[in-house]
Every structure is written in C-alpha cells, then in structure tokens.
Number of protein chains: 2
Amino acid sequence: MKSYRVLKDGKFKLSRFDPDDTSEFKGGKEEALVETGQLRARLEHLQELLYAQKKHKLLVVLQAVDAGGKDGTVRVVFDGVNPTGVRVVSFGEPTEHELARDYLWRVHRHVPARGEITIFNRSHYEDVVAARVKGLVPKKVWRRRYRHIREFERMLTDEGVTLLKFFLHISKDEQRQRLQERLDDPRKRWKFRRSDLEDRARWDDYQAAYEDAIGETSTGYAPWHVIPANRNWYRNWAVSKVIVETLEGLGMKYPEPEEGLAGLKVE
Amino acid sequence: MKSYRVLKDGKFKLSRFDPDDTSEFKGGKEEALVETGQLRARLEHLQELLYAQKKHKLLVVLQAVDAGGKDGTVRVVFDGVNPTGVRVVSFGEPTEHELARDYLWRVHRHVPARGEITIFNRSHYEDVVAARVKGLVPKKVWRRRYRHIREFERMLTDEGVTLLKFFLHISKDEQRQRLQERLDDPRKRWKFRRSDLEDRARWDDYQAAYEDAIGETSTGYAPWHVIPANRNWYRNWAVSKVIVETLEGLGMKYPEPEEGLAGLKVE
C-alpha cells in the first residue's frame, strides 16, 4: 500500500492519484470481496488484542468530499468488530458551544484511550478545508492551522496513539452519479442536502484545499493515504489492508495472566 | 511588571529571582492591600466586559511548590468577581481514566470559551515537573513534552486565548514555616499530606525541573511570570496587577446594543 501513502517531500499533487485505480489488487471484485472478509476477521482478532493489552490506541481519520464513501467504509471495514472497543465519532458543522473554543477542542475530547479504536468521520481537517472554501476564517487563520495540526498529531503519537489518515478520492463524475442516486432513491434521499450542490459547485476549490491540507500534514508519524475510491470494493479492501497491516506491525500480545492459573480446576 | 516576566532568551535562572523581593511596589503592606482592592474592582469590571463582549478568553495557569500559595492567590485575586464567568479547575494526581490518554487531554477539555476566565490550579506543567521528579516517565518522554506544550499554547493563543502563566516563587525556609503551620493549626491540618514531606526532600529537583520547564516554555504568546511569593500581600498585588493590565490591554468594549433602544419607554 506504499503507493497510496503520501510522502513528506513537498511535492504532493492530488491529480496524480487516479480515483479509478485498482492496480494494487491482483484480481477482480469477487476476489477482493473475499479478501476483504479475511482482513475483517484479522481485524476482529487484532482489536481484541488491542483491547486486552490496553497498551496501544488507534485513531483513524476519514475525510472525503460529499458522497465520497466515509459512512460505507466504516460500515464495511469494521463490520463485526466488537463495538465495545470501537467508537465512531462524526463531526458535523460545529455548534455554537464548539465554536466558542479552538477547533481542536472538540476532536481532542474524543481521542482514543489505551485499548480503544476511534474512527473520526470528518475531523479537524474540516477546519482547513471547508472553513477555507466557505471563507469562514481568513487565510491567515487557516494557514497557521497546518502547523497546529502537525504538532497536535505529533503530540498524540508521541504519547502513544497510532494515527492513520485516509482521503477517499472520488472523481467529479462519480460524485455526480452518487448524488443523483441519493436524489432518486427514496431510501437514500435523507442523506441529500441542498448544500451538497453548493459544495459541488466549488469542486476545484475543495480539491485544492485537500491537496494543500494533505501535503502540509502528511508526516512520518501521521501519514495520509489517498485511497482510490470510485469503486467501493477496492476502497474497502485498501483501507482494511492498511489498518490490518498497521496493527499487525505493533507486535501486540495478550497480557500475562496471573501466575499459577494453568491447570487450576474451577469447582 | 516586566521584571518578573521571563524572556525567551535561553538564559532563565530561577535562582536569580528573590522570593522575598517586593521592589516593584512603592510602599508597604497596608498600601498594597488597598491597591489590591482597587485592582480587584477593576478586574470585576473587566470580567463583566469580557463576558458581555464574548470575544476574548483568558486562561490563567498557576504553578508552585506545595504551600506556595495557589489557593490563596485565587481566593484573594478573584474575590468578588462574578463566578458565572470565572471557573477554577484544579488538577490533582491524574486518574486512571486520564492516564489512558495523552496528558494534554484533561487540560484541553477545560480551556475557556469566549467570554470566560478559567484558572488552572496546577496544570499540564505537572507532567514535566512532578512526572519528571517522581520518575513517572523516562527523560525521553518529558523532554519532548516541552515542544508539545509550546505548540499547544501557540494553538490556543492563535485561536483567541489570552494566556498568563504564574510561578509563585517561595523559599525553602518559607515552605518549612507554612507546612509547620498546617500541621500545628487544626483548621489547616486537612491540607497537609505526608507526601508533602517527600516532595520537600526533593526540593532541589523540583526547583531544577521548574527552572527547565519555565525556560523552555516561556514564549512571546504565553509568557511566564515568576512572582516573589514569600509575602502574600505582595504576591496577590503582583498577580492582580499583571492580570488587570493584560485585560486592559485588550481594549474591550461593550457590544453594540440593538438599534433604536435609546429613549425607548418600557410600559
């Protein structure tokens, strides 16, 4: 998955990533679905280890344009993983209560504790992307937030968080189809907002804002992965694979039981 | 009060500050008590402005060795200021719940909102002072926290917090007298803990840890003030003066009322 990991070389171009790419998977959709199922079984086990050992903490940040597939990714990748140790936190428009403090306040509250996996569905990156595109804060303010975010994530990872950031990358035409489907399907219509069309009209601005944000905040300790996401099966496989391989790299073990338990008979 | 403000010149020595100094006040204890009362009246007014305008936020961090006078400073300086807009947050030994996250998690939760004054009685500085002296984390861990803290405070102040940090500086002999008084006075005995004596035995280690922490984290945006604190009257006057002059420097104004209210008769 190295090819989707954004290097900190100051040359990140979103346009170099093809939303239709499926080249990392050797096989077609059916095989990918099978392998994603296998990855999920490994994830179930890894989450149990993480929870039992209470040493590591995993934070997954998901960002995408509207209809980019954040909700679907969470549903598929974490399907069947014990919800006791997994928490999804969705960040919508900030409330007045949240806006009265710094923009990292509401996200910091929800970082994972030892033994926990937390998924941010949207995050502090909205404060350098949406806030910029919508002109909610002046350039001077959003520009200096890159540094805040780098340093915030440095602190989190120094203090034991494993941090993975995914940008689910879809094309403009794919978004058109997905938004149309939401409008046409009565069971999906609830997800549609008129403001989605306003955001769509600023497609290029959002792409530029994401490009800058990803380039400015991809670090060795908190890398971004740009996942080709026009095909759901590929996106789910790729995200699962990065998460599973990262957790496997932690070398987790079950904690030592109390001494003298082996052979003990319960009466 | 410039003389107590720690400059970011890399040459900070705690031993250069005399805990008995009272040289910034021209007069004796009686006059200082009167002037502190006048400062308090100005603070009452400034806090009301801050609350009405809901633009600024003030965070005051108080650190000191045991019996250094943190509680007394809060009680005297903020006496009579409307508690609706002033919150004191005391940070004791971290709980298991807090230790499961990064050390900034519990303090970030309590930063002031617009219009609020928050006072931290102890703070994240315990995590580079007490944690170091007691050996709770290895040197590698506490050393990198200086940067975390500088950047955390940069973010807070970039995002609108006015941040004042005070180290209440008492001498070792003054601490001895105060701890003895706590032991001897039945109404003060509840404040005494045996662990205060263990900490006292490591006096030099604490002074060294404070010296490093203050030197490493005194910045233009979040300066430390080392306040001579052997005499309570002087300490209270000095802290009041710094806070009042800082708030006056914000140039606050009451918000504009709705139009057409002047002359309106209530029937």
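Here is the naming used below: chain letters follow the sequence lines, and residue numbers restart at 1 for every chain. As the structure is a prediction and not an experimental result, all values here were calculated from the model.
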Colleague: Determine the option with the most heavy-atom pairs under 4.5 angstrom with chain B, choosing from A/V161, A/V111, A/D158.
Modeller: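 The option with the most such pairs is A/D158.
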Colleague: Could you tell me which residues in residues 56-65 of chain A have at least one non-hydrogen atom under 4.5 Å from a non-hydrogen atom of chain B, sorted by residue number?
Modeller: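 Contacts with chain B: A/K57.
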Colleague: Would you find more than 12 non-hydrogen atoms of other residues, nucleotides or ligands less than 6.0 Å from B/E216 atom CD?
Modeller: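 Correct, the count exceeds 12.
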Colleague: What residues form a side chain to side chain contact (heavy atoms under 4.5 Å, CB included) with B/L261, not counting sequence neighbours?
Modeller: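 Counting only residues at least two positions away or on another chain, B/L261 forms a side chain to side chain contact (heavy atoms under 4.5 Å, CB included) with B/P257, B/E258, B/L264.
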Colleague: Within a 6.0 Å radius of atom CZ on A/R202, are there more than 12 heavy atoms belonging to other residues, nucleotides or ligands?
Modeller: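 Above 12, so yes.
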Colleague: Pull out the residues in residues 124-144 of chain A that come under 4.5 Å of chain B, heavy atom to heavy atom, sorted by number.
Modeller: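 Residues of residues 124-144 of chain A touching chain B at under 4.5 Å: A/V141, A/R144.
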Colleague: Working to the nearest 0.5 angstrom, can you tell me the gap between B/M155 CE and A/Y103 OH?
Modeller: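 Rounded to the nearest 0.5 Å, the CE-OH separation comes out at 6.5 Å.
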Colleague: Report, by ascending residue number, the residues of residues 80-102 of chain B in heavy-atom contact with chain A at a distance under 4.5 Å; give 'none' if the set is empty.
Modeller: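 Within residues 80-102 of chain B, the residues under 4.5 Å from chain A are B/L99, B/A100, B/R101, B/D102.
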Colleague: May I ask you to check whether over 12 heavy atoms, not counting those of A/E211, lie within 6.0 Å of atom CD?
Modeller: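 More than 12 within 6.0 Å, yes.
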Colleague: Do any N or O atoms from the side chain of A/W105 and from the backbone of B/R109 form a donor-acceptor pair under 3.5 angstrom?
Modeller: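 Yes: the side chain of A/W105 pairs with the backbone of B/R109.
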Colleague: Taking NZ, NE, NH1 and NH2 as the nitrogens, is one of them in B/R147 or A/E151 under 4.0 Å from a carboxylate oxygen of the other?
Modeller: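 Answer for the salt bridge query: yes.
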Colleague: For each of A/R114, A/E159, A/H108, tally heavy-atom pairs with chain B at distances under 4.5 Å, and name the one with the top tally.
Modeller: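 Highest number of pairs under 4.5 Å: A/H108.
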Colleague: Which one wins on heavy-atom pair count under 4.5 Å against chain A: B/E116, B/R150, B/R154, B/K54?
Modeller: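 Ranked by heavy-atom pairs under 4.5 Å with chain A, first place is B/R154.
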Colleague: Against chain A, label B/R106 side chain, backbone, both or neither, depending on which of its atoms sit under 4.5 Å from a heavy atom there.
Modeller: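 Neither; nothing under 4.5 Å.
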Colleague: Should we count CZ of B/R193 as having more than 12 external heavy atoms under 6.0 Å?
Modeller: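 It does not: B/R193 CZ has 12 such atoms or fewer within range.
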